[in-house]
Amino acid sequence: MSEAQERAWAELSPRYVIESPRAIASTSVRPGSAVDPASVWGRTAPLVVEIGSGQGHAIVHAAASRPDTDFLAIEVFKAGLARTMLDADKAGARNLRLVEANAPEVLEHLLPEASVTELWVFFPDPWHKKKHTKRRLVTDGFARLAARALVDGGMLRLATDWEDYALQMREVLRAADDFEAAFEGDWAPRFDGRVLTAFERKGARVGREIRDLAYRRRRRP
Ligand SMILES: C[S@@+](CC[C@H](N)C(=O)[O-])C[C@H]1O[C@@H](n2cnc3c(N)ncnc32)[C@H](O)[C@@H]1O
């Protein structure tokens with residue numbers, strides 16, 4: 001991290017970062033370490049979770065414009081989290097928390113079952129080489145963990161600029177009994193809660209297609 005990012009971490013992490021008990025790896029989450037959202041945020045409110053929040057553009061913008069909702073950014077890239085805190089602080093977003101951890105483990109061990117209102121996965125690493133696609137985040141196992149964390153009727157929103165991954169996401173979610181598509185046709189309309197980043201604007205200019213998907217978590221039996 002840069003010096004400014006180190007400073008941001010030292011100054012702002014006590015306010016923003018949820019410390020996760022670790023298993024073995026430094027970004028793991030120890031089983032049995034679920035947090036209580038009401039005591040983390042100091043209130044009971046809808047909770048939106050973003051996986052792989054990067055520099056935090058989407059979640060800081062959303063948190064600042066929706067003060068009645070709580071937000072959690074999950075990211076393994078520490079410098080991105082430092083940037084996110086700096087921007088959140090500047091925007092006065094007090095309803096945002098961050099966790100530096102591997103997202104599937106956060107869904108499984110840190111968040112209580114049925115605690116998340118919306119789960120966002122925007123532009124996850126595409127792992128486009130054939131020998132690497134097994135590293136992709138959105139798999140059958142991920143769909144089970146997402147369903148565990150989401151409330152009944154909660155939304156899973158995804159976006160990618162990688163066609164092959166978009167097809168994989170759609171296939172995974174089509175096969176997941178806990179979810180139903182919340183769109184008609186091939187793809188969901190662009191999610192207007194996602195801030196338009198330079199990346200997306202540039203992609204549109206060079207004709208790169210961005211595909212959105214949206215799924216509703218079915219009611220538990
Ligand atoms: C391609 S970037 C996209 C960042 C951001 N969503 C955006 O649209 O600009 C993917 C991000 O996911 C993070 N990431 C990848 N695997 C992760 C995991 N298992 N848990 C948490 N974050 C992860 C990476 O560190 C990276 O910042």
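In each ligand, atom 1 is the first atom listed, and ligand 1 is the first ligand listed.
W187 carries R170 over the face of its six-membered ring, with the cationic atom under 6.0 Å from the centre and within 45° of the normal.
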Show the atom names and distances, to 0.1 Å, of all donor-acceptor pairs under 3.5 Å that link a side chain in residues 55-67 to residues at least two apart or in another chain.
residue	atom	partner	partner atom	Å
S65	OG	H61	O	2.8
S65	OG	A62	O	3.3

Acceptor/donor pairs from residues 5-13 side chains to any protein atom, 3.5 angstrom cut, sequence neighbours excluded:
residue	atom	partner	partner atom	Å
Q5	OE1	S2	N	2.9
Q5	OE1	S2	OG	3.3
S13	OG	W9	O	2.6

Identify every side-chain donor-acceptor pair in residues 172-183 under 3.5 Å, counting partners at least two apart or on other chains, and give the distances.
residue	atom	partner	partner atom	Å
R174	NH1	E171	OE1	3.3
E180	OE1	R218	NH1	3.3

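The two atoms that bring D164 and R136 nearest to each other are OD2-NH2, 2.9 Å, heavy atoms only.
Y16 and R94 share a side-chain donor-acceptor pair at under 3.5 Å.
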Could you pull out the N/O contacts under 3.5 angstrom between ligand 1 and the surrounding protein atoms?
residue	atom	partner	partner atom	Å
ligand 1	6 (N)	G52	O	2.8
ligand 1	6 (N)	F122	O	2.7
ligand 1	19 (N)	N102	OD1	2.8
ligand 1	20 (N)	A103	N	2.9
ligand 1	25 (O)	E75	OE2	2.5
ligand 1	27 (O)	E75	OE1	2.8
ligand 1	27 (O)	E75	OE2	3.2

